[in-house]
Protein chains: 2
Amino acid sequence: MGDLREPLRELIDCGLPQALEVMGERWSFMILRASFNGLKHFEEFLSELGIARNILSNRLAKLVDHGILKREPCADDRRKVEYRLTGKGFDLLPAMISLRQWGQKYGAEFVSEDPVLVDAKDRLPIGPVSILAHDGRVLSHEDLWMVRKDDLGKRSDGSIATSGAGTNTGDIIDIEAARKVAAR
Amino acid sequence: MGDLREPLRELIDCGLPQALEVMGERWSFMILRASFNGLKHFEEFLSELGIARNILSNRLAKLVDHGILKREPCADDRRKVEYRLTGKGFDLLPAMISLRQWGQKYGAEFVSEDPVLVDAKDRLPIGPVSILAHDGRVLSHEDLWMVRKDDLGKRSDGSIATSGAGTNTGDIIDIEAARKVAAR
DNA sequence: AGTTTTTAGTTGCAACCTGAAACCTAATCA
DNA sequence: TGATTAGGTTTCAGGTTGCAACTAAAAACT
């Protein structure tokens, strides 16, 4: 991260605390991963994760509360309940995978990482989860800068840079809108 | 996620538990974010985060233990200690940002998100953290498949797909190596 | 030099959270 | 009908969190 240095000591507001409210709890990410892996039922999570019943019950309820999972009684067997990911839940996939990749890269023991996530098209393993520029270039942390919204879009020469047509799928941030808000 | 469905109930091994051992603890990500923002000293973290002294002490020690921060006494003022990110710590950036972006997208309240992360080159806000295919295409969760290593690289027609020259910077997974190991 | 302030901790204690085991209730199976 | 399965809840021991007060060392003031 270039040289943000001094200016931003007081600025605490961002989405992180929001995200951590649910996903910061112990087991939340493990339950999420199990969901991605296709597990749906209470007893499945229980035996896969080795979590205590009461905690699992509590965590599932919280994940449902926060709209990450949806809980629906099974049609064919009314004892059973299905827990499935919502769109909001699926949107945690990049976070989960990058955490997983980090853990794999630095894991003390030899992590076998099986099964592997692959691109459905060619069945080749996916690359690293990446931070992209507005135009799709992969950025590393040296390419990043922290800027107050007021100063957004200003280039060194004082002109305002404009982003081209955004080709991003699955936008999490509406870049164009963010720039406009910022340019107020 | 296409239709992985039944096959992979028993497969638990991946980098996630490793990652969560440190980063799953309360405050770890918040401390990390503060570090990214340039904070270095105990009292800075303390007043920025509103965390208890003992907990902060404990968390910093753990992050240092795990090689995410390095702790070095300040040269000019020997009361002070500097906590700085290591390379391993910087590699958590995609995880932190994607969590942040998710929190921003779904945060209940109006999250102001200031300061904003921008590309240092053009000072435009970064795009969403993305899952990339080996050739750099952005993948969504529908494009993903879970495959046992044994079955890796096999296309529907039975031929073996080959990845082109990997153009990834900052590889977390060595794709080519992974494929070879898998093809054993 | 002596006192005060700053920095980075530690200690003690109450409140809260976790986890193992036992218990409960409704639905299904034999 | 009686046993079993699914999804919980209750109880209680032990661990974690967080506030407040205390400490020790270095630096700054007088």
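Protein chains get the first letters and strands the later ones, always in sequence-line order, with residue 1 at the start of each.
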Note, W27(B) side chain near L56(B) side chain (heavy atom, < 4.5 Å): no
Separation of atom CD in E25(A) from atom P in dT18(C), rounded to whole Å: 6 Å
side-chain hydrogen bond (donor to acceptor under 3.5 Å, both in side chains) assessment of D122(B) paired with H134(A): CA-CA 10 Å; D122(B) 51 21; H134(A) 65 96; 2.7 Å; yes
Residue-phosphate contact under 4.0 Å: Y83(B) side-chain N/O, dG9(C) OP1/OP2: yes
Non-hydrogen side-chain atoms of Y106(B) and Q18(A) separated by less than 4.5 Å: no
Interatomic distance, I55(A) CD1 vs dC16(C) C1' [rounded to whole Å]: 12 Å
Sugar-phosphate only, base, or nothing, as touched by D77(B) at under 4.0 Å among non-hydrogen atoms: sugar-phosphate
Salt bridge (charged side-chain N to carboxylate O under 4.0 Å, His left out) partners of residues 51-63 of chain A, not counting sequence neighbours, each pair once: E25(A)-R59(A), E25(A)-K62(A), E43(A)-R53(A)
Short side-chain N/O contact from H41(B) to OP1 or OP2 of dT7(C), under 4.0 Å: no
hbond_proxy R53(B) side chain to dA8(C) base (donor-acceptor, 3.5 Å cutoff): yes
dT10(C) OP1/OP2 closer than 4.0 Å to side-chain N/O of S57(B): yes
Euclidean distance, atom CG of residue L49(A) to atom C1' of dA20(C) [Å, nearest integer]: 16 Å
From CD1 (I97(B)) to CG (L92(B)), nearest 0.5 Å: 11.0 Å
Spacing between L46(A) atom CG and dA20(C) atom P, to the nearest angstrom: 11 Å
Atom pair SG/CE of C14(A) and M96(B) - distance to nearest 0.5 Å: 6.5 Å
Any side-chain heavy-atom pair of L124(A) and D135(B) under 4.5 Å: no
Nearest-nucleotide 5' precedence on DNA chain D, V81(A) against R26(A): V81(A)
Nearest-angstrom distance from the residue atom CG of N58(A) to P of dG19(C): 11 Å
D143(B) side chain reached by I131(B) side chain, heavy atoms, under 4.5 Å: no
Protein-nucleotide distance (I51(B), atom CD1; dA8(C), atom P), rounded to Å: 14 Å
Length of the line joining K80(B):NZ and dT5(C):C1', which is rounded to integer Å: 13 Å
Atom pair distance, as rounded to whole Å: CD1 in I31(A) and P in dG19(C): 11 Å
Worked check of ring-ring contact (aromatic ring centres under 6.0 Å, His included) between Y83(A) and F42(A): CA-CA 8 Å; Y83(A) 292 96; F42(A) 191 93; 7.3 Å; no
Sugar-phosphate, base or nothing in reach of F45(B), heavy atoms under 4.0 Å: nothing
Boundaries of the chain A footprint along DNA chain D (any atom under 4.0 Å from a heavy atom): dT5(D) to dT11(D)
Close residues, residues 67-75 of chain A, relative to DNA chain C [heavy-atom separation under 4.0 Å]: none
Shortest side-chain distance from R79(B), nucleotide among dA22(C), dA8(C), dT5(C): dT5(C)
S98(A) (side chain) donor-acceptor with P94(A) (main chain) under 3.5 angstrom: yes
